[in-house]
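The structure under discussion appears below in the form of structure tokens.
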Protein chains: 2
Amino acid sequence: MTQAPRRKRDSAATKEALLQAASELFTERGFSATTVRDVAARAGVNQALLFRYFGSKQELFAAVLTRNNEQVIAELSAEELPRQLLINLLDSAEPNGEHPLVAMLRSWSDERAAEMLRGELGDRYTERLAELTDADDARLRADLVLAWVFGIGMVRSVLGKSPLSEADPEVIVRYVTRAASALLERTDLSDDR
Amino acid sequence: MTQAPRRKRDSAATKEALLQAASELFTERGFSATTVRDVAARAGVNQALLFRYFGSKQELFAAVLTRNNEQVIAELSAEELPRQLLINLLDSAEPNGEHPLVAMLRSWSDERAAEMLRGELGDRYTERLAELTDADDARLRADLVLAWVFGIGMVRSVLGKSPLSEADPEVIVRYVTRAASALLERTDLSDDR
DNA sequence: TGACCTTGTGAGCGAGTGCTTACAAACGCT
DNA sequence: AGCGTTTGTAAGCACTCGCTCACAAGGTCA
């Protein structure tokens with residue numbers, strides 16, 4: 001009987017397949033509910049390679065998080081951030097939707113995963129949002145808005161609680177940006193269409 | 001050598017000890033990071049009794065959640081709810097603080113635990129908050145406020161992210177209630193001191 | 001006292017976890 | 001061809017988890 005066909009020798013493609021599979025699974029199930037065997041299986045890769053290339057499950061998670069979020073933060077201007085963050089998060093309520101933030105939200109309560117959110121990653125979003133106001137406690141106000149976005153993502157995408165999970169994204173965005181303008185008191189935020 | 005002294009025969013006290021220990025541990029670590037061995041150890045009880053009295057770890061979690069939250073919901077009027085929810089949550093940032101909600105927040109991403117939050121429990125808070133406005137999408141607005149409270153609790157108590165985690169509770173409450181009054185459009189909510 | 005039910009105990013089963021190791025095959029090089 | 005290095009594979013180690021079970025000890029009632 002013939003053995004299973006070997007993979008082509010291509011370490012770059014293997015790493016990429018692992019990252020992609022890990023990104024999907026962490027988004028779907030969160031950090032602790034995702035096993036390295038699942039990741040390797042979806043990537044079509046022997047699980048030992050996961051450890052050869054990333055060292056540990058935790059380091060793999062870190063690689064996924066930074067890779068996905070670097071992009072989001074870099075691409076968006078401060079003015080668009082809260083609005084786009086929300087829109088992306090709300091759109092990804094669809095089962096195949098896959099926003100980087102959802103992986104973070106689903107892994108929130110895991111202590112090892114939380115360390116990365118608490119650190120540099122979360123602060124990046126805060127700094128960006130803080131640019132929107134000139135109040136002296138700008139970063140606190142930014143954190144409050146960020147907490148709101150996270151909370152909405154939690155209740156809607158992770159919990160799936162109605163009526164929030166069924167509501168029209170447009171309506172939510174309008175409500176939130178309007179109320180948030182009471183916090184980030186520059187007029188150019190209230191550009192709700 | 002003498003054997004470890006046996007527990008007194010008192011099923012009620014044993015159940016209560018298990019519930020209390022479980023409540024503490026679920027609050028500190030969340031559902032999935034808490035093991036039945038931990039619970040039994042802190043309660044000073046053989047772990048087999050946990051299963052005799054509660055059937056499974058999941059049923060124990062349900063017992064803790066309903067027990068703790070019934071009290072909170074029943075005690076507070078609708079007008080006080082958002083403010084008190086926030087204050088309790090913010091005060092419990094102290095290491096020994098132990099608000100029922102924190103156990104929920106820490107177990108958020110666990111699918112089995114989330115079922116209970118999604119169901120009756122979360123709706124109870126929503127209904128209560130929806131009483132505050134007469135808008136036709138009252139429950140959606142209530143969910144948005146609830147999501148904000150949850151988000152703040154997450155970022156502050158679970159993540160421990162600064163500056164939100166170090167901020168003065170009074171300031172946070174003032175900001176939030178003021179901005180939330182743009183959502184729940186009755187004037188009697190803006191009673192910020 | 002002895003039968004019976006309730007409560008507490010220790011040991012361990014079966015499954016799943018992250019991770020390691022010994023080895024085989026494919027490649028680049030001289 | 002022969003060599004060393006890189007990439008892929010199969011197996012399993014060591015551990016933790018939720019949960020079960022056979023049994024011992026305390027209590028009640030006849």
Side-chain angles (χ1 to χ4, degrees), chain A residues 1-22 25-26 28-64 106-107 109-113 115-116, chain B residues 1-22 25-26 28-64 106-107 109-113 115-116:
Chain A
M1 59 184 74
T2 52
Q3 199 65 344
R6 283 215 157 198
R7 285 184 61 81
K8 286 226 180 119
R9 283 173 54 97
D10 185 343
S11 67
T14 300
K15 278 193 216 174
E16 178 54 35
L18 280 169
L19 275 175
Q20 179 59 32
L25 284 167
F26 285 141
E28 292 170 16
R29 313 180 191 173
F31 178 79
S32 54
T34 298
T35 73
V36 294
R37 284 172 173 81
D38 292 337
V39 174
R42 179 169 300 196
V45 158
N46 189 294
Q47 63 153 333
L49 293 180
L50 189 154
F51 293 95
R52 196 199 303 276
Y53 290 133
F54 296 96
S56 71
K57 180 189 177 186
Q58 199 173 167
E59 288 172 273
L60 173 64
F61 183 71
V64 169
R106 280 200 198 278
S107 310
S109 46
D110 191 281
E111 185 53 36
R112 291 164 300 178
E115 250 170 80
M116 304 163 192
Chain B
M1 61 183 73
T2 52
Q3 199 66 345
R6 282 217 157 197
R7 284 184 62 81
K8 288 234 180 110
R9 284 172 55 94
D10 186 343
S11 66
T14 299
K15 277 194 219 175
E16 178 54 33
L18 280 169
L19 275 175
Q20 179 60 30
L25 284 166
F26 285 141
E28 292 171 16
R29 312 180 191 173
F31 178 79
S32 54
T34 299
T35 73
V36 295
R37 285 172 172 82
D38 291 337
V39 174
R42 179 169 298 196
V45 158
N46 188 293
Q47 63 153 334
L49 292 180
L50 189 154
F51 294 94
R52 198 203 294 282
Y53 291 133
F54 296 97
S56 72
K57 182 189 177 185
Q58 198 172 170
E59 287 173 274
L60 173 65
F61 183 71
V64 169
R106 280 199 198 280
S107 311
S109 44
D110 190 282
E111 185 51 39
R112 291 165 300 180
E115 250 171 80
M116 301 160 193

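Within every chain, numbering begins at 1; the chains are lettered A, B, ... in the order of the sequence lines, protein sequences first and strands thereafter. We use all heavy atoms of the structure for the numbers below, so side chains are in, but hydrogens, waters and symmetry mates are not.
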Pairing residues for A:Ala62 by the side-chain contact (heavy atoms from CB on, under 4.5 Å) criterion, not counting sequence neighbours:
A:Met116
Could you list the residues that satisfy side-chain contact (heavy atoms from CB on, under 4.5 Å) with A:Thr35, not counting sequence neighbours?
A:Arg37, A:Asp38
Measure the spacing between CD of B:Gln20 and CG of B:Leu25 and express it to the nearest 0.5 Å.
10.0 Å
Using a cut-off of under 3.5 Å, enumerate the N/O to N/O pairs linking the protein to nucleotides 2-6 of chain D.
from, atom 1, to, atom 2, distance (Å)
D:dT6, O2, A:Arg9, NH1, 2.6
D:dT6, O2, A:Arg9, NH2, 2.9

Could you state the [atom1]-[atom2] distance from [X] to [N], rounded to the nearest angstrom?
X	N	atom1	atom2	value
A:Lys15	D:dT7	NZ	P	8 Å
B:Leu49	C:dT7	CG	C1'	7 Å
A:Phe54	D:dT7	CZ	P	13 Å
A:Leu50	D:dT9	CG	C1'	15 Å
B:Asp10	C:dT7	CG	P	9 Å

Once the angle between the rings of A:Phe61 and A:Phe26 is folded into 0 to 90°, is it parallel (under 30°), tilted (30 to 60°) or perpendicular (over 60°)?
perpendicular
Return the nearest nucleotide to the side chain of A:Asn46; candidates are D:dT7, D:dA10, C:dG10.
D:dA10
Would you indicate what A:Tyr53 reaches in the nucleic acid, counting non-hydrogen atoms under 4.0 angstrom: base, sugar-phosphate, or nothing?
sugar-phosphate
Please name all residues satisfying side-chain hydrogen bond (donor to acceptor under 3.5 Å, both in side chains) with A:Ser107, sequence neighbours left out, ordered by chain then number.
none
Do any side-chain atoms of residues 12-19 of chain A form donor-acceptor pairs under 3.5 angstrom with protein atoms, and if so which ones, sequence neighbours left out?
from, atom 1, to, atom 2, distance (Å)
A:Thr14, OG1, A:Asp10, O, 3.0
A:Glu16, OE1, A:Arg67, NH1, 3.1
A:Glu16, OE2, A:Arg67, NH1, 3.2

A:Arg42 meets the salt bridge (charged side-chain N to carboxylate O under 4.0 Å, His left out) criterion, sequence neighbours left out, with A:Glu24, A:Glu28
Pairwise 5' ranking along DNA chain D for A:Gly44 and B:Arg52, keeping only the more 5' one:
A:Gly44
So the side chain to side chain donor-acceptor pair (under 3.5 Å) pairs with at least one residue in residues 47-60 of chain A (sequence neighbours excluded) are A:Ser56-A:Glu59
Going 5' to 3' through nucleotides 12-18 of chain C, assign each nucleotide B (protein heavy atom under 4.0 Å from a base atom), S (under 4.0 Å only from sugar-phosphate atoms) or - (no protein heavy atom that close).
B----BB
OP1 or OP2 of D:dG8 versus the side-chain N and O atoms of A:Thr14: is any pair under 4.0 Å?
yes
Do B:Val45 and B:Leu50 have side chains that approach each other closer than 4.5 Å (heavy atoms only, starting at C-beta)?
no
